[in-house]
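All values reported here derive from a predicted model rather than from experimental measurement.
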Amino acid sequence: MREADVAPPVVRGTAAWRYFGDFRDALLAGQVLVLQVAHPVVAAGVRDHSDYREDPWTRLMRTVASLSIYVYGGTKGAQFEAERLRKLHRSFTGIADGRRYSALDPGAYAWVHATLVMAPVDAQRFFGRPMSTSELDEYYAQMCGIGRILGVRERDLPPTWPEFERYYRETIAGFGPNETISTLFETIDTVGKPFSRMSDRRWPKLQKGYSTGQLFLIRTPDVPLRPGPASAAPALLRGTALVQSIRPHRQPRPLRPGCPQRPRLGESLAPTAPCEWSAS
């Protein structure tokens, strides 16, 4: 297949231009990070070389700026950013589970790009209007073209959107717990205020809301059973099997004997008797 056939230009009005920078994509930022570091090579690289624990907000802003260049900076902008990132990541090597790893491992590099491809699609499915089949085809072809500019090998991503969805589900099904995921959840639970001028008195309540919201949104899409457009809304009430399996499960406990357990998402929210709950 010729490059011109699979990589239509990203210009105003096309699918990638319209959806990649949608503000709703940011709602799934936490989920994207979890899915990225679920890959063992990415997890090792982040553990050994990332500063996100010390300054997660600055790290997030750098990532957003870099992503914007891929789509909205034109071919030259994307090529410049791609070379910068590859040069940066060449030194990200180490030992994980007794084996050497590199941040430029082709499979891991493709997986990181795959999570960025899927996020805008999910954001539209869950929080907006699902993309049409023609939009998905155009969007995926454009994102594959951007991936090749970034150094993702053509053979490391499937050629069509339906095959990509199958690859995405199967890849996730092979993941499990790791130390980096646990650290990421701890960072979300304890993240500091994003601006120094923000009130120290108000931040604890804002931080609790941010943490609760992010953890809910991380659990939102039921990835292994990804719904079609018609059933996207009910998926908001189901937890992601991956996240439930990789985060240490905290059973809620009732404050008074005889009270039922806190209901799960999607179950009835009305207890059989007046009760209060607290997290264990």
Starting from [Y], can I reach [X] by hopping between I/L/V/M/F/W/Y residues whose side chains sit under 4.5 Å apart?
| X | Y | value |
| --- | --- | --- |
| Leu85 | Leu67 | yes |
| Tyr140 | Ile149 | no |
| Ile146 | Leu136 | yes |
| Tyr167 | Met118 | yes |
| Val10 | Ile69 | no |

Mind checking the [atom1]-[atom2] spacing from [X] to [Y]? Nearest 0.5 Å is all I need.
| X | Y | atom1 | atom2 | answer |
| --- | --- | --- | --- | --- |
| His39 | Thr180 | NE2 | OG1 | 12.5 Å |
| Asp25 | Leu116 | CG | CG | 10.0 Å |
| Trp111 | Gln36 | CH2 | CD | 9.0 Å |
| Leu28 | Gln214 | CG | CD | 8.5 Å |
| Ile181 | Leu33 | CD1 | CG | 11.0 Å |
| His113 | Cys144 | NE2 | SG | 6.5 Å |

- Tell me, which pairs form a ring pair (Phe, Tyr, Trp, His ring centres under 6.0 Å) where one or both residues lie in residues 74-99, sequence neighbours left out? His49-Phe92, His89-Phe92
- Keeping to residues at least two apart or across chains, list the salt bridge (charged side-chain N to carboxylate O under 4.0 Å, His left out) pairs with something in residues 62-91. Asp51-Arg62, Glu81-Arg84, Glu83-Arg90
Residues forming a salt bridge (charged side-chain N to carboxylate O under 4.0 Å, His left out) with [X], sequence neighbours excluded:
| X | result |
| --- | --- |
| Arg47 | none |
| Asp48 | none |
| Lys193 | Asp200 |
| Asp156 | Arg153 |

Where do [X] and [Y] come nearest, in terms of heavy atoms and distance?
| X | Y | result |
| --- | --- | --- |
| Leu150 | Ala78 | CD2-O, 4.4 Å |
| Val152 | Tyr109 | CG2-CD2, 3.9 Å |
| Val121 | Val117 | CG2-O, 3.8 Å |

- Residue pair Phe185, Leu215: steps toward the side chain to side chain contact (heavy atoms under 4.5 Å, CB included) verdict: CA-CA 8 Å; Phe185 280 123; Leu215 293 176; 3.5 Å; yes
Under the rule for side-chain hydrogen bond (donor to acceptor under 3.5 Å, both in side chains), what residues qualify as partners of [X], not counting sequence neighbours?
| X | result |
| --- | --- |
| Ser134 | Ser132 |
| Tyr70 | Ser66 |
| Arg166 | none |
| Arg129 | Tyr19, Glu135 |

- Item | Steps toward side chain to side chain contact (heavy atoms under 4.5 Å, CB included) verdict (Leu157, Met143) | CA-CA 10 Å; Leu157 287 179; Met143 295 306 294; over 6 Å; no
Report yes or no: does [X] contribute a side-chain atom to a donor-acceptor pair with the main-chain N or O of [Y] at less than 3.5 Å?
| X | Y | value |
| --- | --- | --- |
| Thr115 | Val112 | yes |
| Arg125 | Pro130 | no |
| Tyr139 | Phe20 | no |
| Asn178 | Val37 | yes |
| Gln142 | Ala16 | yes |
| Ser211 | Gln207 | no |

- List the steps, then state whether side chain to side chain contact (heavy atoms under 4.5 Å, CB included) holds for Phe126 with Arg24. CA-CA 9 Å; Phe126 298 116; Arg24 286 166 289 198; over 6 Å; no
- Message: List the residues meeting ring-ring contact (aromatic ring centres under 6.0 Å, His included) with Tyr101, not counting sequence neighbours, and say none if there are none.
- Response: none
- With Trp17 via ring-ring contact (aromatic ring centres under 6.0 Å, His included) - residues at least two apart: Tyr72
